[in-house]
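Note: hydrogens, waters and symmetry copies are ignored here, and every other heavy atom, side chains too, is used. We count residues from 1, following the sequence as given.
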Amino acid sequence: MEEGKLLCEAARSCDRAKVKSLIDSGGDVSYFDGEGLTPLMHAAKNGHTEIVKILLEAGAPWNALSPSNISAGDFAMDSGHQEAFDLLLNAGIQAELVLGTIARVDRKNDASDGDYLEERVSFSEDKLMDSNSKAVMMAWEKPLMEAHAKAVCSGGGHVLNIGFGMGLVDTAIQQYAPVTHTIVEAHPEVYERMLRTGWGEKENVKIVFGRWQDVLSQLESYDGIFFDTYGEYYEDLREFHQHLPTLLKPSGIYSFFNGLCGGNAFFHVVYCQLVSLELGNLGYSTQYIPLPVKDCLGEEVWEGVKHKYWQLDTYYLPVCQSSEDSE
């Protein structure tokens with residue numbers, strides 16, 4: 001315990017020799033001091049790049065959080081220490097590629113899509129809620145959904161949306177009058193509400209009921225695709241991406257609701273980069289368009305909602321297309 005405390009002090013003061021000596025003698029690189037910070041957080045906060053590197057190599061947890069929900073990467077980012085930030089970002093990407101630790105923690109803590117599809121949902125003017133008072137979709141997302149719709153409809157033609165929810169993105173897509181507008185929705189109550197409100201009667205709309213995994217054979221190829229499911233996780237999104245070469249036309253545009261790690265700015269950056277990397281391996285380039293959302297998210301927005309799924313000031317809207325088309 002004493003060595004952990006000394007390690008925090010050495011990391012803060014950038015005493016490289018002492019840090020190495022304490023690690024060699026068994027100092028706990030995951031130790032939290034009286035301030036609730038680890039040695040890595042101290043090094044990142046003060047921009048001590050070499051110490052950050054040493055600690056990461058010694059197994060210091062890149063994703064540890066202070067009592068204020070701040071990681072070492074957040075400290076480096078907020079203090080403008082670019083080199084330390086880059087080291088931590090690369091460590092996070094590599095760890096998530098191999099282990100998917102954050103995704104797995106999220107999956108363990110939340111209900112699965114199978115559970116959600118069997119639950120009752122409730123609709124109100126400004127939100128769609130599951131049976132645990134968690135928001136499936138909320139009205140504050142409307143400007144984001146309009147921006148997503150604009151992106152995926154930019155080429156006209158045939159558009160696919162996975163996940164109807166409150167219908168925000170589909171309402172926006174209709175304004176662009178696509179030739180065909182296919183909607184996949186898996187929740188029976190949401191599907192019934194779609195039919196009651198006339199979505200099945202629109203000339204250019206085709207509704208496919210079921211989980212996207214189960215209805216792939218009913219889908220074609222599209223000029224624009226949007227993906228926004230509830231009760232699924234990064235691994236599901238990654239699986240969907242494997243089907244993009246079949247579903248998305250060569251010149252098409254793809255986007256998804258970018259709610260990945262919406263409660264922590266650094267983890268969010270890690271996952272944005274991870275998505276870009278994995279889509280790049282499939283032949284797609286990804287551009288993120290920053291949209292400020294701070295003014296949309298007063299405390300009153302979350303009244304009655306169990307989990308604030310978005311807590312950041314900026315939303316990064318992904319626009320993905322074939323790498324050849326983006327050049």
Side-chain angles (χ1 to χ4, degrees), residues 65-71 74 102-149 161-172 183 185-194 196-197 211 226-237 255-269 271-272 290-318:
L65 292 170
S66 74
S68 303
N69 203 38
I70 300 173
S71 69
D74 291 303
I102 295 174
R104 291 195 179 119
V105 168
D106 285 347
R107 188 156 206 147
K108 187 171 67 176
N109 290 341
D110 290 330
S112 69
D113 60 340
D115 294 335
Y116 163 64
L117 297 179
E118 294 172 4
E119 292 174 352
R120 300 278 306 186
V121 294
S122 59
F123 293 88
S124 65
E125 188 176 333
D126 62 349
K127 60 179 76 76
L128 168 60
M129 305 272 276
D130 71 9
S131 61
N132 296 311
S133 297
K134 290 183 179 178
V136 176
M137 179 173 271
M138 298 179 69
W140 73 265
E141 298 174 34
K142 186 171 183 281
L144 304 184
M145 293 298 148
E146 290 171 346
H148 278 292
N161 173 42
I162 308 287
F164 181 81
M166 292 172 68
L168 299 180
V169 77
D170 290 295
T171 298
I183 306 169
E185 174 55 52
H187 197 287
E189 284 186 72
V190 175
Y191 172 67
E192 287 170 14
R193 193 170 193 266
M194 290 175 72
R196 284 201 311 273
T197 52
R211 296 170 69 246
F226 182 61
F227 183 91
D228 182 14
T229 61
Y230 180 75
E232 293 193 330
Y233 303 85
Y234 183 71
E235 291 162 22
D236 302 289
L237 179 67
S255 190
F256 60 91
F257 180 70
N258 189 12
L260 301 165
C261 300
N264 180 279
F266 180 67
F267 293 173
H268 184 61
V269 172
Y271 265 84
C272 284
L291 300 175
V293 293
K294 186 177 182 180
D295 293 342
C296 310
L297 292 173
E299 281 300 313
E300 69 281 356
V301 169
W302 301 106
E303 189 174 337
V305 178
K306 188 174 180 180
H307 173 62
K308 293 183 183 179
Y309 59 87
W310 189 263
Q311 299 178 47
L312 310 179
D313 293 344
T314 303
Y315 176 83
Y316 291 91
L317 186 148

For side-chain contact (heavy atoms from CB on, under 4.5 Å), just list the numbers for M137 and D228, CA-CA rounded to whole Å, side-chain angles, deciding distance to a tenth of an Å, and then say yes or no.
-> CA-CA 10 Å; M137 179 173 271; D228 182 14; 3.4 Å; yes

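- In this structure, the side chain of Y315 engages the main chain of N258 through a donor-acceptor pair within 3.5 Å.
- Looking only at distances, a side-chain donor or acceptor of S255 sits under 3.5 Å from a matching main-chain atom of P318.
- Considering all non-hydrogen atoms of both residues, L144 and L317 come closest at O-CD1, 4.0 Å.
- In this pair, H148 and F257 present their aromatic rings tilted. The plane angle is within the 30 to 60° band.
- Here L128 contributes atom CG and F164 contributes atom CZ; the two are 10.0 Å apart, rounded to the nearest 0.5 Å.
- For N132 (side chain) and K134 (main-chain N/O), no donor-acceptor pair under 3.5 Å exists by modelled atom type.
- Remark: the backbone N or O of I70 is not paired with any side-chain donor or acceptor of S68 at under 3.5 angstrom.
- Closest non-hydrogen pair, L312 versus A265, comes out as CD2-N, 3.6 Å.
- Between the D295 side chain and the L297 main chain, no donor and acceptor come within less than 3.5 Å of each other.
- Closest approach of G263 and N69 over heavy atoms only: O-ND2, 3.4 Å.
- The main-chain N or O of F266 is found under 3.5 Å from a side-chain atom of D74 such that the two form a donor-acceptor pair.
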Between M145 and M166, is a side-chain contact (heavy atoms from CB on, under 4.5 Å) present by the stated rule, with each step listed?
-> CA-CA 11 Å; M145 293 298 148; M166 292 172 68; over 6 Å; no

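- The line from NZ of K308 to CH2 of W302 is 8.0 Å long, rounded to the nearest 0.5 Å.
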Please walk me through it: do L65 and F267 pass side-chain contact (heavy atoms from CB on, under 4.5 Å)?
-> CA-CA 11 Å; L65 292 170; F267 293 173; 3.9 Å; yes

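- Rounding to the nearest 0.5 angstrom, the gap separating the CG atom in D236 from the CD1 atom in I162 is 12.5 Å.
- The structure places OH of Y230 at 3.5 Å from CG of D130, a figure rounded to the nearest 0.5 Å.
- Pairing each heavy atom of A139 with each of L168, the nearest pair is CA-CD1, 4.4 Å.
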Does the side-chain contact (heavy atoms from CB on, under 4.5 Å) test come out yes or no for V136 and H187, once each step is laid out?
-> CA-CA 11 Å; V136 176; H187 197 287; over 6 Å; no

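- Residues L291 and P143 have side chains not in contact (no heavy-atom distance under 4.5 Å, counting atoms from C-beta outward).
- For the atom pair T229 OG1 and E185 CD, the distance stands at 10.0 Å (nearest 0.5 Å).
- Taking the six-membered ring for Trp and thresholds of 30 and 60 degrees, H268 and W310 have ring planes more than 60 degrees apart, a perpendicular arrangement.
- Across all non-hydrogen atoms, the minimal contact from S133 to M129 is O-CE, 3.5 Å.
- Contact record, Y316 with P290: CE2-CB, 3.7 Å, taken as the closest heavy-atom pair.
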Apply salt bridge (charged side-chain N to carboxylate O under 4.0 Å, His left out) to E189 and R193, showing your working.
-> CA-CA 6 Å; E189 284 186 72; R193 193 170 193 266; over 6 Å; no

